Q: 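Provided herewith is a single structure, encoded as structure tokens, for subsequent inquiry.
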Number of protein chains: 2
Amino acid sequence: MTTSPSGGSTAGSADAEKKLRPGRTNATKQKLFEASMDLIGERGAAGVTVDEIATAAGVSKGTVYYNFGSKSDLIAQLLRHGVDILMARLLSVRDDSADPLAAMEEMIGQAMDFMAEYPSFARLWVSENWRTPSEWQDTFAELRGRLLAVIGSAIDGVAAAYPVDPGVSRGSLETAIFGACFVVGLDRQTYNPERTREQSVAAIMASMRGYVVKQPPAQA
Amino acid sequence: MTTSPSGGSTAGSADAEKKLRPGRTNATKQKLFEASMDLIGERGAAGVTVDEIATAAGVSKGTVYYNFGSKSDLIAQLLRHGVDILMARLLSVRDDSADPLAAMEEMIGQAMDFMAEYPSFARLWVSENWRTPSEWQDTFAELRGRLLAVIGSAIDGVAAAYPVDPGVSRGSLETAIFGACFVVGLDRQTYNPERTREQSVAAIMASMRGYVVKQPPAQA
DNA sequence: CTAAATAAACTGACCGGTCAGTTCAAATAA
DNA sequence: TTATTTGAACTGACCGGTCAGTTTATTTAG
């Protein structure tokens, strides 16, 4: 076997040993990420061959196995890569103590932009996320937790500034909003391209507005 | 070739020529549906072999091709089969003119029950629904439309009885709720089995409550 | 009532082809 | 020099689909 760098599968997503040699690897990895994102998003992880990915990236099959240990490892790193991008966008929303509801809205807007820009990643996510015994179970659990934490803290912000319905659990609401972002974004891409970003955001925000109670807290 | 029945792919879901010969075919098809639902839900359409499906159904590979024209056809009919079940449940909700919001809530509850009972179908749906050039594009478009129509009319019912936010388009809201049902149901199954049915319904219903305006119609 | 005939339902071995993964010597760049 | 990439070959397993033949239930003929 050659001296493949391969990259840590369970690394903290930050590029740990990137600096060893800038070389061409990072550019190659990037190309492989982009190519495989599209292909896998379209036909599913199992429906795409390594040869196809290599060809689409303008690279040889050997290079794939030089940069990644396996097809499975490539996909795991691809998931981290996508989540890193999404996380960066979500965290770019200033958590100013102004209106937490507005912050939430901006976050959802960022998510919608991400879905529009990386629809293939969104497809990959929803395609593989809920598979029961999956090779990426642990990867998904970790990444999902990281994303939900961000949404959760945004919800907390709202709950701290407004009276909210105690009958709605934070966890379920996180899930509903998180999932709605993916689904609404994908649906727009696939079936309703005429729908605007604002319409989509408004539809998802409806659940937040329903979360804050109409009348001042009944009594609870 | 033998005289395969194969079943109409675009039939209106009602069993048309069931009586010609009771035979074993219907029972066999049912077994194949159940087996493939589970397997495909777990590992994806491309990740399951016809041999596996046949074995799981306690039937030979040839029987699969006797009852269905191809693996693809099996899956298309499987999708219709699942949607028929879900539709029946959604339509079982009495559309009494009482409280449309309560009707909506019951419908979401029915959807949650369905997701709990057929999680594999839900996984199959979200896995394949948004694939761009897919063999089942048309099938999905049709079935999606049928389901959305039911949800849409429930939303209409609410909009007719309450003052609603005109800034939220009906279509986007349909999508958000529809998608949330799948995602919340799957997430409960996969990551949060401790969550109750009521919590999940409440989280999804939040978007309906946010859809009806708090104060009597502002002015629009 | 029984045996032959018929057709639906089913079987499983088989085929052409594909795929993930491995290896490696040679080429190419930093 | 050394890290990186190439491209091609090879393997061993697997896969979708086919097909000639077998079982099973029902019908028909004697």
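Computed over heavy atoms, backbone and side chain alike; hydrogens, waters and symmetry mates excluded. Every chain is numbered from 1, with letters handed out A, B, ... down the list of sequences. What you see is a predicted model, and the numbers here were worked out from it, not measured in a lab.
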Q: Can you find a side-chain donor-acceptor pair between A:Asn26 and A:Gln30 that sits under 3.5 Å?
A: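 Side chains of A:Asn26 and A:Gln30: no pair found under 3.5 Å.
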Q: Is B:Thr63 close enough to C:dA9 that one of its side-chain N or O atoms is under 4.0 Å from OP1 or OP2 there?
A: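 Result: no.
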Q: Whole angstrom is fine here: how far is it from OH in A:Tyr66 over to C1' in C:dC24?
A: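 It works out to 15 Å between those atoms.
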Q: So which nucleotide from D:dG17, C:dG21, D:dT6 ends up closest to the side chain of A:Val59?
A: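 Closest nucleotide among those given: D:dT6.
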Q: Report yes or no: does B:Asn67 contribute a side-chain atom to a donor-acceptor pair with the main-chain N or O of B:Thr63 at less than 3.5 Å?
A: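 Such a contact is found between B:Asn67 side chain and B:Thr63 backbone.
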Q: For residues A:Gln199 and B:Ser172, is any side-chain donor paired with an opposing acceptor at under 3.5 Å?
A: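 No, B:Ser172 and A:Gln199 have no side-chain donor paired with an acceptor closer than 3.5 Å.
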Q: Atom CZ of B:Phe68 and atom P of D:dG17: how far apart are they, to the nearest Å?
A: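 Result: 14 Å.
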Q: Specify the closest pair of heavy atoms between B:Val168 and A:Ala202, including all atoms of both residues, with the distance to one decimal.
A: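 Scanning both residues, the minimum pair turns out to be CG2-O, 3.9 Å.
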Q: Could you tell me the separation between the OH atom of A:Tyr65 and the C1' atom of C:dG21, rounded to a whole number of Å?
A: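 Spelled out: OH on A:Tyr65 to C1' on C:dG21 is 5 Å.
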Q: Figure out the NZ/P separation between B:Lys29 and C:dA9, and round it to whole Å.
A: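 B:Lys29 atom NZ is separated from C:dA9 atom P by 10 Å.
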Q: D:dA25 C1' sits how many Å from B:Asn26 CG, rounded?
A: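 After rounding, the reported distance stands at 16 Å.
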Q: Just jot down the side-chain hydrogen bond (donor to acceptor under 3.5 Å, both in side chains) partners of B:Asp156, sequence neighbours excluded, or say none.
A: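 Partners of B:Asp156 under the side-chain hydrogen bond (donor to acceptor under 3.5 Å, both in side chains) test: B:Arg170.
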Q: Under 4.0 Å between any heavy atoms, over every strand shown, what does B:Lys61 touch: base, sugar-phosphate, or nothing? Just pick one.
A: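 The answer is base, as B:Lys61 lies within the cut-off (heavy atoms under 4.0 Å) of a base atom.
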Q: How long is the line joining CD of A:Gln30 and C1' of D:dT4, in whole Å?
A: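 After rounding, the reported distance stands at 18 Å.
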Q: Let's go through A:Arg80 and A:Glu142 carefully: what are the C-alpha distance in whole Å and the side-chain angles of both, what is the deciding distance for side chain to side chain contact (heavy atoms under 4.5 Å, CB included) to 0.1 Å, and is it a yes or a no?
A: CA-CA 10 Å; A:Arg80 287 176 189 284; A:Glu142 179 204 329; 3.1 Å; yes
Q: In whole Å, I'd like the distance from the CG atom of A:Leu32 to the C1' atom of D:dT5.
A: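 Nearest whole value for this atom pair: 12 Å.
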Q: On the nucleotide C:dC10, are OP1 or OP2 found under 4.0 Å from the side-chain N or O atoms that B:Asn67 carries?
A: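 Yes.
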Q: Verify the contact: side-chain N or O of A:Ser60 to OP1 or OP2 of D:dT6, cut-off strictly under 4.0 Å; return yes or no.
A: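 Answer is yes, contact under 4.0 Å.
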Q: Under 4.0 Å between a side-chain N/O of A:Ser70 and OP1 or OP2 of C:dA20, yes or no?
A: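 For C:dA20, OP1/OP2 do not have a side-chain N/O of A:Ser70 under 4.0 Å.
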Q: With a 4.0 Å heavy-atom cut-off, tell me which residues in residues 39-54 of chain A come close to DNA chain C, sorted by residue number.
A: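 Within residues 39-54 of chain A, the residues near DNA chain C are A:Val48, A:Thr49, A:Val50.
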Q: Which label fits B:Phe140 and B:Trp125: parallel for a plane angle under 30°, tilted from 30 to 60°, or perpendicular past 60°?
A: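 Perpendicular, since the angle between the ring planes exceeds 60°.
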